[in-house]
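Written below as structure tokens is the structure these notes are about.
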Amino acid sequence: MACLKVGAIPVACLPAHRHAEMGYLARHTEAAGWLIPADLRGVDAIVMAEEIRDLVPSLREVWVLGDRIGRGMTRLADLLADPIETHCPIADLARLAPSPATAAVFQLSGGTTGVPKVIPRTHDDYLYNSLASADAAAVDRDSVLLIGVPIAHNFPLACPGVQAALLLGARIVLAPSPDAETSLALIERERVTWVPAVPATVLSWLDHPRLGRTDLGSLRTLCVGGARLNPEPARRVLDALGPVLMQVLGMAEGLLCYTRHGDPADVVVETQGRPVSPDDEIRIVDERGRDVAPGAIGELLARGPYTIRGYYRAEAHNRTAFTEDGFYRTGDLVRRHPSGNLVVEGRRKDLINRGGEKISAEEVETLIVAHPAVLDVAVVAMPDPVLGERACACVVLREGARLTLGELTRYLGEERRIAKFKLPERLEVYERLPATAVGKISKAALRDDVRRRLETEATRRS
Ligand code: AMP
């Protein structure tokens, strides 16, 4: 929040990000400072920061939360102990107030092609994003929000999230994790009214023995998004918790759709909502960019007051990610429900949605193909009952080479040092990868094949 006041731009990195992501993002955004806890989920963040700082000339400052620091780093506590005036006169800080149309926060794309894309959200658009979603999602100054997912994500930060809560004077309860035990206890104790969650979290709550024993009488809204919530668990939410369910189709690039309290139950259960702003423009188009017939499935295009017109420093990618007249191609396949709301039916973009956390297939494939045992690779989604999807690596090996899932994940995690949630959770070895009519790898065929194998294994086990 202080950064926003003085026009310093936070890059919304995740606690799961490791050397690969942090190094790339620091370089791409020319980050000047890095704030880290000394220990980051068992990883020595100080060592990581030292290594990356040596490679990124712009990175001048590293502030550490905790007692231990590395060479040339500053303890955050020491910095806060000094009066601000020792570093900068207050009057100068006030003069730094940024212009509303400049970037406020660099969000990260949920994985499209290759490396993550940086999303420049401006002060005016991000402010509107938060307040318009507070209006749609029924957050006001009496709300109590429980945030258990990484706070830098667009959803807990700005939809309506921490930003709207602070702007409106609502209260925020920060939880160390979204797990059922912690969250249910906090909802009861803090009289929480509003919770953002991904479907995997909701499923884990529904099955938890604590659910029946907890007083959830304060809860007004369980807002579910980030991945598709199927109608069956959606109905279970209504049965177990009453009319608290709200679905959201959101994206860090902008467009936000919510179902609204007061919508008929079937609309809340079956759809992912409608836009928050009267100025949001939506098109649903076929592969040639023509509007589909009403109710038919097509790709969702979005343009509006808080949807970006381009990624940061990504000129070539922007030429395909946006239409000539400025619509963002979401890569999501949707149809319009008779109520007017949108229903997500699939996607065109090549990613794996692991419980709301997005994995770019191409990013992981580029690393895997550099492994000495691998000749060719495709990373595809495989179904998972809780997370929705997990990543499966389908590989063709070089002659005589061998590879196990353990070796592959060791290589990606320890040598290429990518975030753990991106590691494939299954490995399939093929003689050759199936091809489409035009000779590209057929990911649809691979997905079907992996799904069949999983089904066969499940049948054998039962
Ligand atoms: P992110 O920017 O990480 O929030 O990812 C945005 C993407 O998540 C969207 O473009 C969708 O592909 C997916 N997504 C978000 N909310 C939903 C939802 N309610 N149902 C299905 N997919 C969703």
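We count ligands from 1, going down the list as the structure has it; atoms in each ligand are counted the same way.
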Would you kindly specify which portion of [X] sits under 4.0 Å from ligand 1, judged on non-hydrogen atoms: side chain, backbone, both or neither?
X: K358; answer: side chain
X: K349; answer: side chain
X: S109; answer: neither
X: V248; answer: backbone

Below 4.0 angstrom from a heavy atom of [X], which ligand 1 atoms are there? Numbered from 1 as shown, please.
X: R228; value: 20 (N), 21 (C), 22 (N)
X: G250; value: 4 (O), 6 (C), 7 (C), 9 (C), 15 (C), 16 (N)
X: L249; value: 14 (N), 15 (C), 16 (N), 17 (C), 19 (N), 23 (C)
X: V344; value: 20 (N), 21 (C)

- prompt: Does R18 offer a backbone N or O that forms a donor-acceptor pair with the side chain of E21 under 3.5 Å?
  reply: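 Side chain of E21 to backbone of R18: a pair is present.
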
task: Verify the neighbour count for atom CZ of R313: are there more than 12 heavy atoms of other residues, nucleotides or ligands below 6.0 Å?
output: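 Enclosed: over 12 neighbouring heavy atoms sit under 6.0 Å from CZ of R313.
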
- prompt: When you look at CD of E324, are more than 12 heavy atoms from neighbouring residues, nucleotides or ligands closer to it than 6.0 Å?
  reply: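 Not more than 12 within 6.0 Å, no.
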
Residues Y126, Y306; criterion ring pair (Phe, Tyr, Trp, His ring centres under 6.0 Å); working and verdict: CA-CA 7 Å; Y126 224 24; Y306 59 99; 9.6 Å; no

query: Looking at R451, R453, R447, which one forms a salt bridge (charged side-chain N to carboxylate O under 4.0 Å, His left out) with E428?
result: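 The single option meeting the salt bridge (charged side-chain N to carboxylate O under 4.0 Å, His left out) with E428 is R453.
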
- request: Check R347, K358, R426, R354 against E389 for a salt bridge (charged side-chain N to carboxylate O under 4.0 Å, His left out) and give me the one that passes.
  value: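 By the salt bridge (charged side-chain N to carboxylate O under 4.0 Å, His left out) criterion, E389 pairs with just one of R347, K358, R426, R354: R347.
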
For [atom], which candidate among [options] provides the closest heavy atom?
atom: atom 16 (N) of ligand 1; options: G254, G273, G226; answer: G226
atom: atom 2 (O) of ligand 1; options: G356, A252, C223; answer: A252
atom: atom 10 (O) of ligand 1; options: L300, T330, D332, V224; answer: D332

Sub-4.0 Å heavy-atom contact, Q272 with ligand 1: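 So Q272 counts as touching ligand 1.
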
query: Step by step, would you call Y258 with R274 a side-chain hydrogen bond (donor to acceptor under 3.5 Å, both in side chains)?
result: CA-CA 5 Å; Y258 293 84; R274 55 189 177 278; over 6 Å; no

